[in-house]
Amino acid sequence: MQLIDTLNRPLRDLRISVTDRCNFRCVYCMPKEIFGPDHQFLRRDQILTFEEIERLARIFVAHGVRKIRLTGGEPLVRRDLHLLISMLSVIPDLDLTLTTNGALLAKQARALKGAGLKRVTVSLDSLDDEIFKAMNDVDFAVENVLEGMDAAARVGLGPIKVNMVVKRGLNESSILPMARFFREKGYILRFIEYMDVGHSNGWRMDDVVPAAEIIKMIHAEMPLEPLDQNYKGEVAERWCYKDGSGEIGVVASVTQAFCSTCNRARISAEGKLYTCLFAIKGHDFRDLMRGGATDDEISQEVAQVWGKRGDRYSELRSENTISLPKVEMSYIGG
Ligand code: SAM
Ligand code: SF4
Ligand code: SF4
């Protein structure tokens, strides 16, 4: 049964965080000062088992979800992730994908593909080692991420999509080199406006490089034209190179809010359902499952939560919303 929220938006897209841990400390997501050695991550018994994730996934698919993206933290640090992929990839009518920082992708690409994963999105913020290392803050080299992408492409996890978060004063100089490089490679590069998720990254509006500025910069060197959406509710605005040499996307969540078509829900690693990236409160499905709820009861709870949904944070964003309580990106998943 297709669910509709109070703003007439269906539930189509589910992002499941499989861990709150990560092997990077990206300054815009898990800054070291907060996610240091003393940070308390979720214990193993607090996070959903693969069986619990599969159960929820099937219930959401029965409610109209057609796309599931596994995320985190870093999904590939969750042990035996390929086993979860093999459980989810057999669900009919479902587009299953994964967002990763790429660090462990070269090692795991074959197992992921073998388990039934169709494609991956890999995050990379610069081709310049100095800039990239300043952003991931764990001294991780660009080369290793590129190897991960190539391994994924070789085993057929393409077309590879690349996510680049752009932060003013940090990696603007990487926009053109990234565009040139991935156009050549045939990977789809998507520029993401830096967002005020969580509280730890010290976000300021001045740090955002508007998508329109990014498009203008690329267009001046490599002429672009807009493309139609692939489907309603698509997050990235698509552009193609006029000479036919590929496409790019921009995710303008700050400067051109797309809440009116937002059909996404998120489940945290410990099984809380969030109906907005900027939500304050999640709805606990882990305790419901562990308390013996039937599929029907869980299904009704999903319907209730979605039926009451009225989130549109990005449309309401202002200086006053920045300090509102929110959950961290590494917890809720991107
Ligand atoms: N660890 C994986 C990765 O980095 O791809 C998956 C989780 S990460 C939270 C998902 C996506 O969110 C990444 O592409 C990341 O760059 C993006 N992201 C994290 N913090 C962000 C922020 N403050 N604004 C915009 N995008 C952000
Ligand atoms: Fe880790 Fe991804 Fe967050 Fe970077 S963006 S710290 S890789 S979860
Ligand atoms: Fe969807 Fe919330 Fe983002 Fe708006 S702010 S697009 S409702 S996740």
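Whatever order the structure lists them in is the order used to number ligands and atoms, beginning at 1. This chain uses plain numbering: 1 for the first residue, then up along the sequence.
When each atom of ligand 1 is checked for a heavy atom of N101 under 4.0 Å away, the hits are 2 (C), 3 (C), 5 (O). Within the listing of ligand 1, atoms 3 (C), 4 (O), 5 (O), 13 (C), 14 (O) sit less than 4.0 angstrom from a heavy atom of S123. Close contacts between ligand 1 and M329 involve ligand atoms 9 (C), 12 (O), 17 (C), 18 (N), 19 (C), 20 (N), 21 (C), 26 (N), 27 (C) [criterion: under 4.0 Å to a heavy atom]. Listed by atom number, the atoms of ligand 3 under 4.0 Å from F258 heavy atoms are 6 (S). Which parts of ligand 1 touch N163 is read off a 4.0 Å heavy-atom cut-off, strictly below it: atoms 14 (O). Every atom of ligand 1 is numbered from 1 in the order shown, and the set under 4.0 Å from a heavy atom of T71 is 6 (C), 7 (C). Residue E74 has at least one heavy-atom neighbour below 4.0 Å for each of these atoms of ligand 1: 1 (N), 2 (C). Annotation for ligand 3: atoms under 4.0 Å from non-hydrogen atoms of D311 are 7 (S).
The proximity of R317 to ligand 3, defined as any non-hydrogen pair under 4.0 Å, does not occur for either the backbone or the side chain. At a heavy-atom distance under 4.0 Å, only side-chain atoms of V165, from C-beta outward, approach ligand 1. In C22, the part holding a heavy atom less than 4.0 Å from any atom of ligand 2 is the side chain. For R264, every heavy-atom contact with ligand 3 shorter than 4.0 Å involves the side chain, none the backbone.
Nearest protein neighbour of atom 2 (Fe) of ligand 3, counting heavy atoms only, is C276 SG, 2.3 Å.
Salt-bridge formation is not detected for the pair E193/R168: no Lys NZ or Arg NE/NH1/NH2 atom is positioned less than 4.0 Å from an Asp or Glu carboxylate oxygen. For the pair R238 and E247, the salt-bridge criterion is met [side-chain N within less than 4.0 Å of a carboxylate O].
Residue S330 places no N or O, backbone or side chain, under 3.5 Å from any N or O of ligand 1. Checking only distances, T100 does come within under 3.5 Å of ligand 1, N or O to N or O.
Of the candidates G73, A103, C26, C22, the one placing a heavy atom closest to atom 1 (N) of ligand 1 is G73.
Ligand 3 lies out of reach of E315, whose nearest heavy atom is not under 4.0 Å from it. Heavy atoms of G73 come nearer than 4.0 angstrom to ligand 2 in at least one pair. Distances from ligand 1 to the non-hydrogen atoms of E193 include at least one value under 4.0 Å.
At a threshold of 2.8 Å, atom 4 (Fe) of ligand 3 has a backbone or side-chain N, O or S atom of C259 nearer than that distance.
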